[in-house]
Participant: 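Next up is a structure, given as structure tokens.
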Amino acid sequence: MTVVTSGDADELAATVAHQLRRSISQLQADPDRVVQLCLTGGRIANRMYRQLADGQGDDNTVDWKRVEFWWGDERFVATESPDRNAGQTLALLAATIPLDPARVHPMPAEGGQADLNQAAMQYAAELGDIRFDICLLGMGPDGHVASIFPDHPSFEQDTSFTVVGVTDSPKPPPERISLTIPVINQSAEVWLIVAGAEKADAAARAIDGDENLPAGAVHGRLRTVWFLDEDAAADR
Ligand SMILES: O=C(O)[C@H](O)[C@@H](O)[C@H](O)[C@H](O)COP(=O)(O)O
């Protein structure tokens, strides 16, 4: 496990954007390699996506058309809702980054043919046995990651599913779709991106390996990296 501390949220976002470009271009040194990247929702992730998009002019070492984009969780709301993680992410990235629509895999939205659980199963089928090279995760002050919450059925049930429907989410909106911990932990690398003093306690506990927190139960097969700003690192 590696812990990287940056000054404030903007510096943190810039650090992660830089590392992400670097890691993707290293993986793409093999010209046949398509990188499997799992994205997260949340405010710090959105700052990082903005940095990625803004930095695009300075650094074109990444072939974005050879990146497959997945999501770790989604708010189960209508496609056009501003709450959708995928909508927010794509609005930021697509401003400057050329994406191949066939390689962009948002989770299903509410209002289609599928109810919540069917939508989760559809995404599981789309994902198949793909495992991520890099899985990005935000973390809530309660130690949740993706839409897996502590002291909640999303975390407490043992599951062989890769994707689940989540109801009664403590963080609104209440209905969500989420990857499960077992599939996140199949990722080669898991990167947690955490900013803010309100997250310092959960970050310290999770980094110490407290498996009562979803954030303490996730890890990459090869590497787990915690990217913190100074406020989030304060209790370490
Ligand atoms: O859909 C979501 O809300 C997220 O994917 C969630 O897991 C998020 O990443 C964390 O709550 C951190 O969010 P912030 O960076 O906004 O605190």
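The residues of the chain are indexed from 1 along the displayed sequence. Atoms within a ligand are numbered from 1 in the order they appear, just like the ligands themselves.
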Participant: Taking atom types as modelled, is there a side-chain donor on Glu189 or Trp191 under 3.5 Å from an acceptor on the other?
Facilitator: yes
Participant: Heavy atoms, side chains only, cut-off 4.5 Å: are Thr89 and Trp71 in contact?
Facilitator: yes
Participant: Got the closest protein heavy atom to atom 9 (O) of ligand 1, with its distance?
Facilitator: Gly41 O, 2.8 Å
Participant: Report the part of Leu137 (side chain from C-beta onward, or backbone N, CA, C, O) that has a heavy atom under 4.0 Å from ligand 1; answer both or neither where that applies.
Facilitator: neither
Participant: Mark up the atoms of ligand 1 that fall under 4.0 Å of a heavy atom belonging to Ile44, in ascending order.
Facilitator: 15 (O)
Participant: For atom 6 (C) of ligand 1, which candidate among His144, Met48, Glu74 provides the closest heavy atom?
Facilitator: His144
Participant: I'd like to know if the side chain of Arg75 pairs up with that of Asn85 as donor and acceptor (distance under 3.5 Å, no hydrogens or angles considered).
Facilitator: yes
Participant: Could you find the nearest protein heavy atom to atom 17 (O) of ligand 1 and give me its residue, atom name and distance?
Facilitator: Lys199 NZ, 2.4 Å
Participant: Output the list of atoms in ligand 1 that are nearer than 4.0 Å to some heavy atom of Gly138, sorted by atom number.
Facilitator: 9 (O)
Participant: So do the side chains of Ile207 and Met1 get within less than 4.5 Å of each other, counting heavy atoms only?
Facilitator: yes
Participant: Against heavy atoms of Ala146, which atoms of ligand 1 measure under 4.0 Å?
Facilitator: 6 (C), 7 (O)
Participant: Indicate the atoms forming the closest heavy-atom contact of Leu52 with Arg21, along with that distance.
Facilitator: O-NH2, 3.3 Å
Participant: For ligand 1, which atoms sit closer than 4.0 Å to a heavy atom of Lys171?
Facilitator: 2 (C), 3 (O), 6 (C), 8 (C), 10 (C), 11 (O), 13 (O)
Participant: Is there a side-chain contact between Phe149 and Pro214 in this structure, where contact means two heavy atoms from C-beta onward sitting under 4.5 Å apart?
Facilitator: no
Participant: Which residue and non-hydrogen atom of the protein lie closest to atom 12 (C) of ligand 1, and at what distance in Å?
Facilitator: Met139 O, 3.6 Å
Participant: May I ask you to list the atoms of ligand 1 that are less than 4.0 angstrom from any heavy atom of Arg75?
Facilitator: 1 (O), 2 (C), 3 (O)
Participant: What atoms of ligand 1 come closer than 4.0 angstrom to any heavy atom of Arg176?
Facilitator: 1 (O), 2 (C), 3 (O)
Participant: Please could you name the atoms of ligand 1 that Asn85 approaches to less than 4.0 Å, counting only its heavy atoms?
Facilitator: 1 (O), 2 (C), 5 (O)
Participant: Do me a favour and list the nearest non-hydrogen protein atom to atom 4 (C) of ligand 1 with residue, atom name and distance?
Facilitator: Asp73 OD2, 3.5 Å
Participant: Taking atom types as modelled, find out whether Gln36 and Asp133 have a side-chain donor-acceptor pair closer than 3.5 angstrom.
Facilitator: no
Participant: Does any donor atom in the side chain of Asp73 or Ser147 lie under 3.5 Å from an acceptor atom in the other side chain?
Facilitator: yes
Participant: Return yes if a side-chain donor-acceptor contact under 3.5 Å exists between Thr159 and Thr180, otherwise no.
Facilitator: no
Participant: With heavy-atom distances below 4.0 Å as the criterion, list the atoms of ligand 1 near Thr40.
Facilitator: 5 (O), 9 (O)
